[in-house]
> 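This is the structure I want to talk about, given as structure tokens.
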Amino acid sequence: MEKPFAFTTKEFNAVRQKIRSLTGINLADSKDNMVYSRLSRRLRALNLTTFQAYLNYLDNHQDETEHFINSLTTNLTSFFREAHHFEQLAEYLHSHPGPLRIWCTASSSGEEPYSIAMTCAEARGSLATNVKIYASDIDSRMLERAKAGIYPIDQVEKLSLARRKRFFHRGTGSNAGKARVVAELRNSIHFFQQNLLAPQYSVDPGLDIVFCRNVMIYFDKPTQEIIVNRIVKLLKPNGWYVAGHSENFNHLTAIMRARGKTIYQVNEKPI
Ligand SMILES: C[S@@+](CC[C@H](N)C(=O)[O-])C[C@H]1O[C@@H](n2cnc3c(N)ncnc32)[C@H](O)[C@@H]1O
């Protein structure tokens, strides 16, 4: 099919360089069609006719940066994705009955932090728990969705009946076909925007657990190590760093050690 806009290798490389410097995301050579289709929408929205005009616009309009980043992030997620992490979290909660702080660093549309919050509520036997949950993402559109906590019913129907009843309201009228996370659970999470590439994170140290899953795969190795080191500084000794299924930090033995499938425990005295 003929593409309405020309998209040269030079323009693709300029996009790659820009997104990498803004977010750390490394786009492979094979992502040219993905970039074309996602950014074409921005060209149309702005009535621009060439990618070069879009790149110039991006350089001269600060507020386009957010649209550019939001267009190029990949936000795939689901409730209780990689279920074994939530089983381990439940065990941690039972063996640590005191107050805890957990940060979900790339929370996308919210399914992951809500899965953490549901696990906490189940373990503590109440929607009001002594666990403080923080959830962040770089993508402002995803953060808005996460805060709203409204999901298509077919996504929620994959959860057990007990979880659906306890943690969701079924939409009616114009909200038919959707379900919303109950207010107590929504309010138990502090959502904020955070670029993991930033030199400082807006979370105080002393965290017990950090979920940083399925985002490091988009960064190169040196960037991953910088970010892991920053996160580890925010974790308590013996705190947990929870990684995604294809993210491996077994080599970072100076700061943390593996303690199960893609969970790492921070060393007592990081060297
Ligand atoms: C594939 S999703 C993973 C979502 C969730 N953690 C999970 O495992 O289901 C990757 C998320 O990382 C976010 N992301 C990408 N680059 C980021 C960055 N530099 N800082 C923070 N979040 C980023 C994206 O916006 C996206 O929501």
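These numbers were taken from a predicted model, which means no experiment stands behind them.
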> More than 12 heavy atoms of other residues, nucleotides or ligands under 6.0 Å from CZ of Arg170: yes or no?
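At most 12 heavy atoms, drawn from other residues, nucleotides or ligands, come within 6.0 Å of this atom.
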> Do Asn214 and Glu247 have side-chain atoms, one donor and one acceptor, less than 3.5 Å apart?
no
> Is there a donor-acceptor pair closer than 3.5 Å between any side-chain N or O of Tyr151 and the backbone N or O of Ser109?
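Side chain of Tyr151 to backbone of Ser109, a donor-acceptor pair under 3.5 Å: yes, one is there.
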> For the residue pair Tyr36 and Phe12, is the inter-centroid distance of their aromatic rings smaller than 6.0 Å?
no
> Carefully, step by step, assess Asn26 and Thr223 under the rule side chain to side chain contact (heavy atoms under 4.5 Å, CB included).
CA-CA 10 Å; Asn26 254 324; Thr223 308; over 6 Å; no
> Check whether any side-chain N or O of Gln194 sits under 3.5 Å from a backbone N or O of Ser202 as a donor-acceptor pair, and report yes or no.
yes
> Step through the shown structure and confirm whether more than 12 heavy atoms of other residues, nucleotides or ligands are within 6.0 Å of CD on Gln193.
yes
> At their closest point, which heavy atom of Val210 faces which heavy atom of Leu207, and how far apart are they?
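Looking at all heavy atoms of both residues, the shortest contact is CG2-CD1, 3.8 Å.
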> Same cluster or not: Leu159 versus Phe167, using hydrophobic residues (I, L, V, M, F, W, Y) connected whenever any side-chain heavy atoms lie under 4.5 Å apart?
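Per the 4.5 Å side-chain linkage, Leu159 and Phe167 are co-clustered.
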> More than 12 heavy atoms of other residues, nucleotides or ligands under 6.0 Å from NZ of Lys165: is that the case?
no
> Suppose we screen for side chain to side chain contact (heavy atoms under 4.5 Å, CB included). Which residues come up paired with Ser108, at least two apart in sequence or across chains?
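If we apply the side chain to side chain contact (heavy atoms under 4.5 Å, CB included) test to Ser108, skipping adjacent residues, the hits are Asn75, Thr77, Asp137, Met142.
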> Distance from Tyr218 atom OH to Leu72 atom CG, nearest 0.5 Å?
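That separation rounds to 12.0 Å.
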> Any side-chain heavy atom of Leu196 within less than 4.5 Å of one from Ile138?
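Not in contact.
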> Return the minimal non-hydrogen interatomic distance between Phe219 and Gly24, and the atom names on each side.
CD2-O, 3.2 Å
> Are any of the side-chain heavy atoms of Phe79 and Arg163 separated by less than 4.5 Å?
no
> According to a hydrophobic-cluster definition based on side-chain heavy atoms being under 4.5 Å apart (Ile, Leu, Val, Met, Phe, Trp, Tyr only), do Phe80 and Val215 belong together?
no
> What's the verdict on salt bridge (Lys or Arg N to Asp or Glu O under 4.0 Å) for Glu144 and Arg141, showing C-alpha distance, side-chain angles and the deciding distance?
CA-CA 5 Å; Glu144 288 314 309; Arg141 221 179 13 159; over 6 Å; no
> Just do the side chain to side chain contact (heavy atoms under 4.5 Å, CB included) check on Leu100 and Arg124 with the steps written out, would you?
CA-CA 12 Å; Leu100 297 174; Arg124 294 291 193 255; 3.7 Å; yes
> Testing the basics here: between Trp240 and Leu235, what is the closest heavy-atom pair and its distance to 0.1 Å?
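Reported closest heavy-atom pair: O-CD2, 3.5 Å.
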> Flag the pair Glu111 and Arg145 as a salt bridge only when some basic side-chain nitrogen lies within less than 4.0 angstrom of an acidic carboxylate oxygen.
no
> Quick test of your reading of the model: are Lys261 and Glu82 salt-bridged, counting only N-O distances below 4.0 Å?
no
> Out of curiosity, Thr23 OG1 to Lys18 NZ, how far, rounded to the nearest 0.5 Å?
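So the OG1 of Thr23 and the NZ of Lys18 are separated by 11.5 Å.
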> Quick one: do Phe68 and Leu39 satisfy side chain to side chain contact (heavy atoms under 4.5 Å, CB included)? Show the steps, please.
CA-CA 8 Å; Phe68 177 70; Leu39 290 184; 3.9 Å; yes
> Can you tell if the side chain of Lys3 reaches within under 4.5 Å of the side chain of Asn33, non-hydrogen atoms only?
yes
> With sequence neighbours left out, what residues match His94 under side chain to side chain donor-acceptor pair (under 3.5 Å)?
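With sequence neighbours excluded, His94 shows a side chain to side chain donor-acceptor pair (under 3.5 Å) to no residue whatsoever.
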> Is there side-chain contact between Phe86 and Glu122, with heavy atoms separated by less than 4.5 Å?
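When only atoms from C-beta onward are counted, Glu122 and Phe86 do not touch, as no gap falls below 4.5 Å.
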> Nearest 0.5 Å please: distance from the CD atom of Glu87 over to the OG1 atom of Thr119.
9.5 Å
> I'd like to know if the side chain of Gln265 and the backbone of Arg257 have a donor-acceptor N/O pair within less than 3.5 Å.
no
> For residues 44-58, which residue pairs qualify under side-chain hydrogen bond (donor to acceptor under 3.5 Å, both in side chains), counting only residues two or more places apart or in two chains?
Gln52-Asn56, Tyr54-Glu64
> Can you tell me how far the CD1 atom of Ile69 sits from the OG atom of Ser140, to the nearest 0.5 Å?
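Those atoms lie 8.5 Å apart.
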> Taking Asp32 for the side chain and Thr9 for the main chain, is one N or O donor matched with an acceptor at less than 3.5 Å?
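No; judged by distance alone, with no hydrogens or angles, the pair does not exist.
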> I'd like to know whether NZ of Lys132 has more than 12 heavy-atom contacts from other residues, nucleotides or ligands below 6.0 angstrom.
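Enclosed: over 12 neighbouring heavy atoms sit under 6.0 Å from NZ of Lys132.
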> Nearest 0.5 angstrom please: Gln155 CD to Lys178 NZ, how far?
12.5 Å
> According to a hydrophobic-cluster definition based on side-chain heavy atoms being under 4.5 Å apart (Ile, Leu, Val, Met, Phe, Trp, Tyr only), do Ile209 and Met256 belong together?
no
> Using modelled atom types and a 3.5 Å cut-off, is there a donor and acceptor pairing between side-chain atoms of Arg101 and backbone atoms of Asp204?
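Judged by distance alone, yes, a pair lies under 3.5 Å.
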> With no hydrogens and no angle check, is any side-chain donor or acceptor of Ser107 less than 3.5 Å from a backbone partner on Ser136?
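Yes: the side chain of Ser107 pairs with the backbone of Ser136.
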> Can you check side chain to side chain contact (heavy atoms under 4.5 Å, CB included) on Phe191 and Ile133, steps first, answer last?
CA-CA 9 Å; Phe191 288 102; Ile133 303 170; over 6 Å; no
> Can you tell me if Asn250 uses its side chain to pair, donor with acceptor, with the backbone of Ala258 under 3.5 Å?
no
> So if you build clusters from Ile, Leu, Val, Met, Phe, Trp, Tyr with side-chain heavy-atom gaps below 4.5 Å, do Ile231 and Val242 land together?
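Not linked; separate clusters.
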> Considering all heavy atoms of both residues, which atom of Pro99 and which atom of Asp208 are nearest to each other, and what is their separation?
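Nearest heavy atoms, Pro99 then Asp208: O-OD2, 4.4 Å.
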> Between the main-chain N or O of Glu112 and the side-chain N or O of Arg81, is there a donor-acceptor pair closer than 3.5 Å?
no
> Could you tell me whether Tyr201 and Tyr134 have their ring centroids closer than 6.0 angstrom?
no
> Going by distance alone, is a donor N or O of one side chain under 3.5 Å from an acceptor N or O of the other, for His251 and Glu225?
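Their side chains do contain a donor-acceptor pair, which is all the 3.5 Å distance test asks for.
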> Testing the basics here: between Phe168 and Val181, what is the closest heavy-atom pair and its distance to 0.1 Å?
CE2-CG2, 3.6 Å
> Counting distance only, does the side-chain N/O of Arg166 pair as donor-acceptor with the main-chain N or O of Met118 below 3.5 Å?
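Answer holds: no.
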> Do you know which two heavy atoms are closest between Asp220 and Arg20, and how far apart they sit?
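Taking Asp220 first and Arg20 second, the nearest heavy atoms are OD2-NH2, 2.6 Å.
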> Counting N and O atoms only, with roles assigned by atom type, does the side chain of Arg38 sit under 3.5 Å from a partner on the main chain of Ser71, one being a donor and the other an acceptor?
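It does hold such a pair.
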> Find out if a path of hydrophobic residues (ILVMFWY) with successive side-chain heavy-atom gaps under 4.5 Å connects Leu234 to Ile227.
yes
> Report the distance from atom OG of Ser115 to atom CZ of Phe211, rounding to the nearest 0.5 Å.
9.0 Å
> So, are Asp29 and Arg16 salt-bridged, with charged N and O less than 4.0 Å apart?
yes
